[in-house]
Structure formats: structure tokens, C-alpha cells
Amino acid sequence: MIASLLGQEGDILNSIFQVVYLLSFLLFMFYGQKIQTLTMLREVGSAVRKLKTLKDDSRRLAIDTISEFGKNSGDPTPRIDHLLEYFTVMPKNLDPLGFVPKLEHLIDVRDLRFKKEIKIIAPEADKVQSSNIEGVLEVALGLNGIYKIVNHFYLLGRKTMNLYVIMQVQMQLPQIIRTAEAYSLAGKAFAEGQPIGDGAGALVAAKMMHGSENKEVAKNILASQIEHEGRTVFVIKADGPGANIGKYGVAIKQFIEENDGKVAMVIMVDAAGKLEGEISGSTAEGTGSVIGGLGVDAFIIEEVTSKYKIPVNGVAIKQSMEESVAPMTKAIFDGVNVAIARVKRIIHEETKEGDIVILVGVGNTVGVGQ
Amino acid sequence: MLYLLELGIQLGSGSNQKTERSKSIVSSILVYYIFLAGMFIIGIYFLYDALQAYNTGDVEGAGFSAILGIIGIGMSIYMLTMLRKRVSTKKIPKKVVTTIECTKCSLKKIRTFTKGDYVLKDTENCTKCDQPMLITAIYTEKTDKS
Ligand SMILES: [Zn+2]
């Protein structure tokens, strides 16, 4: 009796559960997208929190670094907060003729504005420290921008609960987080004055010009004239050890024009982005102006070298995007020595005695003297 | 449960204007969790049912129940891992070292980086020949933990 009753109940329970099962599958079918939206939203939410931490840390770092050099000028926080919202409007390229001079002018004005601001909030900082402060501020500015964009999509996604709005940012999250973490590392390197991966090119030039006289030839650009195997080599790099990148283009143009175009070769050494699978710190040779940034320098160099038909050779020191802004690794440092050997070999093979060669060490020269 | 609480705090913090949304998200996630737990329990039940059916000799029924059970458990665990997926926040501790070399006797020293160091800077005198030493390298050392 009892056994049969139990058996019957078991059957009923079984049927109910089977119906529940079927319903749950239907639920997944119809609400799957909503569940997916929620999942993605959570993922983006946690990324936003991480970005906020990174952003706040870099702001804190900027305030601390600046306070050190501006003890008498009051609390720099409000001014720094203003600077973190600083924006730059790119020149319109609807009519591309004359775009580069406009861009160059824009960069100059922005740079000057930042330098003035730093002078006001950190009056006791010397030239090197001011450059490093500028680097720290740029990092804080960048992280603030990244945070605001991701947060915008996060909040928009929550408001609309639209899978595709959230997906836009969710798909790019791994890259965004990696960039932000790298930026954060760069901020610390600038604050401490440690060389970063991007400085590999500058380090090559620094080692080549070490021990010889140098003079400033363009804004933030130092040049030395050295003799190497009977060739006259003008070595150019940004003014270290502050976090500087100078106007390489202007300096190169000046040298070439001063020598009436009688320059046998321009060699540029720079850190270059590596693909996954390539070894960081490995070097490669190529042709063309190896220089990053917005392209102003590359434009000037290409114009002047093509005008005088001067070959431009490049040596790239490979590194990942993170490595290029984080403190320099041993592998990249070793790559620098290989790059120097390559530069010397190129000079030896491609030019003859009595020639004039321009060697440019491109990159942020933080923590690298000369 | 603690996790849910933490979730609520995380979602609640931030900006004030979105608390209403946060509540609705927390509640929908709560419903989702309960749903997953239900599915998991039913899955267990089906497995148990399969065992019983097998014991009574109903092999066909046992197989059917077993499949249902495994699907239920598998699916609930899968959905749970999907929800718990998070952005990794790994931190790589790195030590920056400074290499200093004597230009005369090539005595080499490696010490931790101090503020003010830069490559190609003349620094403290050599312990051997009392000549200023040169900073030849500054780089991060790979720590064992990465
Ligand atoms: Zn010595």
C-alpha cells in the first residue's frame, strides 16, 4: 500500500520535474539574450571598477609627484583635476593640404600650455623633473579618458539593456585593460624617472654619443658630432634624462639643409611594436622613417630625405605595447646593444669614409642621460 | 550568499543616479542564481531517479533520467561559470635594478634602483680605485612569480 503510494508520488514528481525542465529550456531559448546581456554587463562593470582604481591611482600619483615640487604654491589638486579634463581638437582633414603644419602647431601649443601649467603648480621642479611630471600627467589624462569612455558604454548599456551597445565595449575589454595597466606602469616609471621600453632607441643614441660634446639643435633635441670609422656621424636624441620626446624632424631637416643635402644616410633607431610570437628585444632592419607619434616628424623626414634623395634606414627594437611604456626589461636592454652593433655594421657597409651620417635615436628618453 | 552581498555592494557603489537599475540587476541576478540552483537540484533528482529505475530493472527509463540529470547539472554549472567570469586583475611585481660600472677597472655592481638614477649618470666612487662609476643599465628584473 505504502510502497505503491510512494511509487505513484514518485511518478507525479517525475512528471512535474520533466515539465519544469522543458520550461527551463524554453526560458533559456527566449531569455538567453537577456542572460547574456547581464553576464556581459557584469564583466564590463568589473572592468569599469578596475579602470576607476587605475585612474584614481594615477591621479593620486600625479598629485603626490607635483606636491613634492610645489610646496609653497598651495594645493595643486583642483588645477590637476582641470588638466585631467584637457581636450585637444584635431585639425580638420577635409582639405588635407597643409594638414601637417596645422597638426604641428596644435601639438606645440598644447605642449606649451602643459609646460606653463606645470611651471605654475610645481615651481620648484627643475627641467628633468618638469618633463617627468608632464609624463605623469599625460598618463593620468590618458587613463581618465579610457575610464570615461568605458564607463559611458557601461552606463549606456545598463540604461538601454541593449546587447549590442554592451558588446561594443565588451569585445575590446581585454585590449583596453592591457592598455590601461601599461599606462599605469608608465606613470610610475615617469614619477621615478626609470627608463621605459620606448626609450630603447634613445638609449642607442645615448650610448653612441656618450663622452662627446652635445648641443641643443631643436626643441628638446640634443646632437653630438662623433667620428666613426672615418665617417662624421651626427647623433640625435631627445634631451635626457627627463621624459622628453623632441622634434626629430626639425633637427634632421636642419642638419641636411646645413650640409646642402650632402648626407650619405639617415639611420633611425626606434622601439617598434612586436606581433605576438615575436621575441621582445629582438632587432630588425628596414627602410623608411621608423618613428611613431602622430606623424609630423615622419612627414618632415620623408619630405626632406626624398627631396635630397637620401636613403633612410631603420633599426627596430621589437617590444609589446605594454613593454614599450613599462620600465625597460632586460631583454630590451640587451636588444639595445645588438641594435648598436647593427647600426655600426650598416654605417660600415652602406657608407664610405668621409661621408656624413645622421643617426637618430627615437623614443622617450626618461631615465636615459647622454 | 556572501558573493551576492558583495555583488550588491559593488553594483550599488559608484554613482547615485543608477541605484534603481542596480537593484533590478541584483534582483535579476538573484533570480538567475535561484533558477540555476533549482536546475542543479532537479538534475541531482533525475540522477537519483535513474539509479532507482536501474535497480528496479527499468534500463530504458534509467537511461532517460540519467541523460536529463546530466544535462541539468552540466548546464547549471556552465551557466554559473559564465556568470562568474571576470576580468583578470593580475599584478606583476617587478623590481627595477641599476647596474653601475667602473670605467677604469670594470668593477660591476648591481643594486636596486633609487630615484635620481639614470643611464649614463656618473655616480658614487669606485671602492677599488676611487674613480666615479657610471650607471650603465637600468632595467626590471624578472621575478620568479609572474
Ligand atoms: Zn674602479
Side-chain angles (χ1 to χ4, degrees), chain A residues 10 13-14 17-18 20-21 24-25 27-28 34-36 38-39 41-50 52-53 128 151 155 158-159 161 173-174 177 181 185 189 191-195 199 203 206-207 210-211 240-242 326-334 336 365-370, chain B residues 7 10-11 13-15 17-18 21-22 24-25 28-29 32 35 38-39 41-43 45-46 49 52 56 61 64-65 68 71-72 75-76 79 82-92 94 96-99 113-122 134-142:
Chain A
L13 205 62
N14 216 328
F17 278 172
Q18 280 189 25
V20 168
Y21 241 46
S24 70
F25 276 114
L27 205 73
F28 269 129
K34 174 139 174 119
I35 291 165
Q36 207 181 349
L38 277 173
T39 315
L41 206 55
R42 284 218 38 207
E43 207 181 317
V44 178
S46 84
V48 166
R49 283 188 296 279
K50 178 159 178 63
K52 189 170 189 303
T53 321
V128 172
N151 193 39
L155 293 180
R158 271 164 78 139
K159 211 181 264 175
M161 269 298 171
L173 270 189
I177 292 286
E181 280 177 339
L185 283 175
E192 297 272 316
Q194 292 162 348
L203 189 54
K207 285 192 166 185
H210 181 63
M328 195 182 281
T329 61
K330 179 85 166 63
I332 296 170
F333 197 88
D334 292 340
V336 166
T365 187
V366 59
V368 180
Q370 54 267 323
Chain B
L7 181 80
Q10 282 172 348
L11 285 171
S13 64
S15 179
Q17 63 194 13
K18 60 200 179 191
R21 260 290 171 203
S22 305
S24 83
I25 284 181
S28 26
I29 286 175
Y32 185 58
F35 174 72
M39 236 177 128
I41 291 165
I42 295 173
Y45 169 78
F46 272 120
D49 189 56
Q52 271 197 333
T56 52
F64 182 63
S65 293
L68 280 183
I71 289 176
M75 202 132 167
S76 53
M79 298 304 286
M82 252 183 72
L83 196 68
R84 293 213 60 154
K85 198 167 70 184
R86 297 185 126 191
V87 180
S88 71
T89 54
K90 55 169 197 276
K91 272 212 172 113
I92 317 147
K94 270 184 178 161
V96 180
V97 294
T98 301
T99 309
F113 175 88
T114 51
K115 214 170 171 173
D117 282 359
Y118 61 85
V119 182
L120 300 180
K121 179 196 185 187
D122 286 321
L134 187 71
I135 295 179
T136 51
I138 296 170
Y139 51 78
T140 53
E141 234 182 12
K142 278 247 161 70

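Naming convention: chains lettered A, B, ... in sequence-line order (proteins, then strands); numbering from 1 in each chain. We use all heavy atoms of the structure for the numbers below, so side chains are in, but hydrogens, waters and symmetry mates are not.
The distance from the CD atom of A:Glu192 to the CZ atom of B:Phe113 is 6.0 Å, given to the nearest 0.5 Å. Distance check: B:Leu120 CG to A:Lys207 NZ gives 7.5 Å after rounding to the nearest 0.5 Å. Taken from CZ in A:Phe333 to OG1 in B:Thr140, the straight-line distance is 11.5 Å, to the nearest 0.5 Å.
Neither the backbone nor the side chain of A:Ala331 comes within less than 4.5 Å of any heavy atom of chain B. For a residue to count as touching a neighbouring chain, one of its non-hydrogen atoms must lie under 4.5 Å from one of that chain's; by this rule B:Thr136 touches chain A with the backbone only. For a residue to count as touching a neighbouring chain, one of its non-hydrogen atoms must lie under 4.5 Å from one of that chain's; by this rule A:Leu203 touches chain B with the side chain only. The contact between B:Leu134 and chain A is made entirely by side chain atoms (from C-beta outward), counting heavy-atom distances below 4.5 Å. Both the backbone and the side chain of B:Lys115 come within contact range of chain A, judged by heavy atoms closer than 4.5 Å.
Partners of B:Phe46 under the ring-ring contact (aromatic ring centres under 6.0 Å, His included) rule, at least two apart in sequence or in another chain, are A:Tyr21. For A:Asp334, the salt bridge (charged side-chain N to carboxylate O under 4.0 Å, His left out) partners are A:Lys330, not counting sequence neighbours.
Smallest separation of non-hydrogen atoms from A:Gln194 and B:Val96: NE2-CG2, 3.5 Å. Of all the heavy atoms in B:Ile138 and A:Gly367, the pair that sits closest is CD1-O, 4.3 Å.
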